[in-house]
**Q** 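I have a structure here, written as structure tokens, and I will follow up with some questions on it.
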Amino acid sequence: MKINFSFFLILLLASCSHSYTPKPKGFIKLDLPDKIYTKVITDCNFSFELPVYSVLKRVNSACFYNLDFPKQNAVLHITYYPLNDNLDDHIEKSSNLAYKHDVMADAIFESAYINNNDKVYGLLYNYDGVTATSTQFYLTDSINHFFRAALYFNTEVTDSILPINNFLKSDIKHIIETFRWEDH
């Protein structure tokens, strides 16, 4: 019995001479669509260019929309309000909704947007870390219109969906840059 144990111990020690090399992290390969946009004009006093791989759906008779990204498993929730001397209220509410995620976010970055030619002004909130939303923004002309949107994934924003998150953030930037008020 001692011989079997000694033989097993020698075999075990001899087999441990290989050094272990960990494999590098692997990421899934994503086939993201080409960036092609089409202009949409709503009956809610605004227009913008949306990606052809998204679907704009009206949620109710008020100017609430969902811009679905079915292949990316995300949705941009859109609300529009006409202003009645209540711009400060809308900005404060938008800020409160944006900073509701600061508990989970590692950081929140604000970027101002100013387009004097088309009278479109706004603020973009980008989030780092595991949050329910990856980006939110509002746009206004400061007198008549207030537009707010928030991008949500149907899963947590983690490193595994970071390429999709960055892909859609560039679409959000394009929406902001092509946004116009369509006063009838």
Side-chain angles (χ1 to χ4, degrees), residues 32-72 74-102 105 107-128 131-153 157 162-184:
L32 297 171
D34 293 334
K35 296 283 188 184
I36 301 170
Y37 299 95
T38 184
K39 185 175 182 174
V40 62
I41 300 174
T42 70
D43 58 352
C44 295
N45 297 320
F46 62 85
S47 68
F48 58 87
E49 291 183 5
L50 57 80
V52 296
Y53 43 85
S54 65
V55 180
L56 185 65
K57 298 177 186 174
R58 192 154 191 171
V59 175
N60 61 24
S61 60
C63 292
F64 290 27
Y65 293 88
N66 282 339
L67 183 59
D68 288 325
F69 296 92
K71 301 252 181 180
Q72 291 78 28
V75 62
L76 181 69
H77 297 284
I78 297 171
T79 56
Y80 166 82
Y81 299 101
L83 292 177
N84 297 314
D85 290 326
N86 58 351
L87 176 63
D88 291 338
D89 295 338
H90 286 294
I91 289 175
E92 183 178 342
K93 183 176 180 182
S94 185
S95 178
N96 288 341
L97 289 170
Y99 277 94
K100 217 177 191 183
H101 301 277
D102 70 343
I108 301 175
F109 302 99
E110 294 181 358
S111 301
Y113 178 76
I114 300 170
N115 178 343
N116 287 322
N117 291 337
D118 296 306
K119 294 181 176 43
V120 179
Y121 313 99
L123 192 61
L124 172 69
Y125 302 93
N126 277 314
Y127 300 83
D128 273 352
T131 59
T133 182
S134 66
T135 189
Q136 296 185 23
F137 67 95
Y138 70 82
L139 300 170
T140 184
D141 67 349
S142 301
I143 300 167
N144 298 310
H145 309 290
F146 191 85
F147 176 96
R148 184 179 185 287
L151 179 67
Y152 286 89
F153 286 90
V157 178
L162 187 61
I164 297 169
N165 188 17
N166 290 337
F167 179 78
L168 292 180
K169 280 185 177 184
S170 70
D171 288 335
I172 300 299
K173 184 178 177 191
H174 187 84
I175 288 170
I176 292 170
E177 290 173 349
T178 61
F179 192 91
R180 302 293 180 265
W181 303 114
E182 300 288 335
D183 290 319
H184 301 289

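Residue indices begin at 1 and follow the sequence shown. From a predicted model like this one, the values you see are computed outputs, not experimental measurements.
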**Q** If you apply the rule side chain to side chain contact (heavy atoms under 4.5 Å, CB included), what do you find for Tyr125 with Thr133, and how did you get there?
**A** CA-CA 10 Å; Tyr125 302 93; Thr133 182; over 6 Å; no
**Q** Taking the ring of Phe69 and the ring of Phe167, is the distance between their centroids below 6.0 Å?
**A**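 No, they do not, as the ring centres are separated by 6.0 Å or more.
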**Q** Are more than 12 heavy atoms, taken from residues, nucleotides or ligands other than Lys71, located less than 6.0 Å from that residue's NZ atom?
**A**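 Atom NZ in Lys71 is not crowded, with 12 or fewer foreign heavy atoms closer than 6.0 Å.
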**Q** How far apart are the closest heavy atoms of Leu76 and Leu151, and which atoms are they?
**A**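 Shortest heavy-atom contact: CD1-N, 3.6 Å.
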**Q** Can any side-chain N or O of Asp68 pair as donor or acceptor with the backbone N or O of Pro70 at less than 3.5 Å?
**A**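 Flag not set: sc Asp68 to bb Pro70 has no pair under 3.5 Å.
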**Q** Using distance alone, with no hydrogens and no angle criterion, decide if Asp171 and Tyr37 have a side-chain donor and acceptor under 3.5 Å apart.
**A**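 There is such a pair between these side chains.
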**Q** Could you tell me the separation between the OG1 atom of Thr135 and the CZ atom of Phe137, rounded to the nearest 0.5 Å?
**A**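 Rounded to the nearest 0.5 Å, the OG1-CZ separation comes out at 7.5 Å.
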**Q** Give, for atom NZ of Lys169 and atom CG of Leu124, the distance between the pair rounded to the nearest 0.5 Å.
**A**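 Answer for the NZ-CG pair, Lys169 versus Leu124, is 8.0 Å.
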**Q** Considering residues at least two apart in sequence or located in another chain, which fulfil the side-chain hydrogen bond (donor to acceptor under 3.5 Å, both in side chains) criterion with Glu110?
**A**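 Applying side-chain hydrogen bond (donor to acceptor under 3.5 Å, both in side chains) to Glu110 gives Tyr99.
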**Q** Does the side chain to side chain contact (heavy atoms under 4.5 Å, CB included) test come out yes or no for Leu83 and His90, once each step is laid out?
**A** CA-CA 9 Å; Leu83 292 177; His90 286 294; 3.4 Å; yes
**Q** Answer yes if the side chains of Arg180 and Ser47 hold a donor-acceptor pair under 3.5 Å, and no otherwise.
**A**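 Distance-only check fails for Arg180 and Ser47.
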**Q** Looking only at side chains, do Lys35 and Ser170 share a donor and an acceptor under 3.5 Å apart?
**A**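 The answer is yes; a qualifying pair exists.
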**Q** Looking at every non-hydrogen atom in both residues, tell me the closest pair between Glu49 and Ile175 and how far apart they are.
**A**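 So the two residues come closest at O-CG1, 3.5 Å.
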**Q** Going by side chain to side chain contact (heavy atoms under 4.5 Å, CB included), Leu67 matches just one of Val55, Val75, Ile172, Ile78. Which one?
**A**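 Among Val55, Val75, Ile172, Ile78, the one meeting side chain to side chain contact (heavy atoms under 4.5 Å, CB included) with Leu67 is Ile78.
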**Q** Using 4.0 Å as the upper bound for N to carboxylate O, is an ion pair formed by Asp43 and Arg58?
**A**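 Salt bridge flag = yes for Asp43 with Arg58.
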**Q** Any donor-acceptor pair under 3.5 Å linking the side chain of Thr140 with the backbone of His145?
**A**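 Yes: the side chain of Thr140 pairs with the backbone of His145.
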**Q** Would one find more than 12 heavy atoms of other residues, nucleotides or ligands at under 6.0 Å from atom CG of Asn96?
**A**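 Yes, enclosed.
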**Q** Any chance you could measure Asn66, atom CG, to Thr79, atom OG1, to the nearest 0.5 Å?
**A**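 Rounded to the nearest 0.5 Å, the CG-OG1 separation comes out at 10.5 Å.
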**Q** Between Ser95 (side chain) and Ile91 (backbone), is there a donor-acceptor pair under 3.5 Å?
**A**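 Not a single qualifying donor-acceptor pair exists.
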**Q** Which one of Tyr80, Trp181, Tyr81 satisfies the ring-ring contact (aromatic ring centres under 6.0 Å, His included) criterion with Phe46?
**A**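 The single option meeting the ring-ring contact (aromatic ring centres under 6.0 Å, His included) with Phe46 is Tyr80.
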**Q** Provide the closest heavy-atom pair for Ala74 versus Leu168 in the form atom of the first, atom of the second, distance.
**A**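 What the structure gives for the nearest pair is CB-CD1, 3.6 Å.
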**Q** Taking the side chain as every heavy atom from C-beta outward, state whether Gln136 and Tyr152 have any pair of such atoms under 4.5 Å apart.
**A**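 Yes, at least one pair of side-chain atoms sits under 4.5 Å.
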**Q** What do the steps show when you test Arg148 against Ser94 for side-chain hydrogen bond (donor to acceptor under 3.5 Å, both in side chains), and what is the final call?
**A** CA-CA 7 Å; Arg148 184 179 185 287; Ser94 185; 3.2 Å; yes
**Q** Where is the tightest heavy-atom contact between Ile143 and Asp141, given as atom of each residue plus distance?
**A**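 It is N-OD1, 2.9 Å.
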**Q** What's the shortest heavy-atom distance between Pro33 and Gln72, and which atoms?
**A**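 In this case the closest contact between Pro33 and Gln72 is CD-NE2, 3.7 Å.
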**Q** Measure the CG-CZ distance between Asn126 and Phe109 for me, rounded to the nearest 0.5 Å.
**A**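 Rounded to the nearest 0.5 Å, the CG-CZ separation comes to 8.5 Å.
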**Q** Say whether Tyr127 and Asn165, considering side chains only, have a donor N or O and an acceptor N or O under 3.5 Å apart.
**A**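 No, no side-chain donor-acceptor pair sits under 3.5 Å.
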**Q** With Phe147 as reference, evaluate Tyr138, Phe179, Phe64 under the ring-ring contact (aromatic ring centres under 6.0 Å, His included) test and give the passing residue.
**A**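 The single option meeting the ring-ring contact (aromatic ring centres under 6.0 Å, His included) with Phe147 is Phe179.
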**Q** Kindly check if the number of other-residue, nucleotide or ligand heavy atoms within 6.0 Å of NZ (Lys173) is above 12?
**A**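 Open: at most 12 neighbouring heavy atoms sit under 6.0 Å from NZ of Lys173.
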**Q** Within the distance-only criterion (no hydrogens, no angle test), does the side chain of Asn86 pair as donor or acceptor with the backbone N or O of Asp89 below 3.5 angstrom?
**A**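 No, Asn86 side chain to Asp89 backbone: no donor-acceptor pair under 3.5 Å.
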**Q** Is atom CG of Asp34 surrounded by more than 12 heavy atoms (other residues, nucleotides or ligands) closer than 6.0 Å?
**A**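 Counting neighbours around CG of Asp34, 12 or fewer heavy atoms of other residues, nucleotides or ligands fall under 6.0 Å, so no.
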**Q** Would you say that Phe48 contacts Ile41 through its side chain, given a criterion of any heavy-atom pair below 4.5 Å between the two side chains?
**A**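 No, their side chains stay 4.5 Å or more apart.
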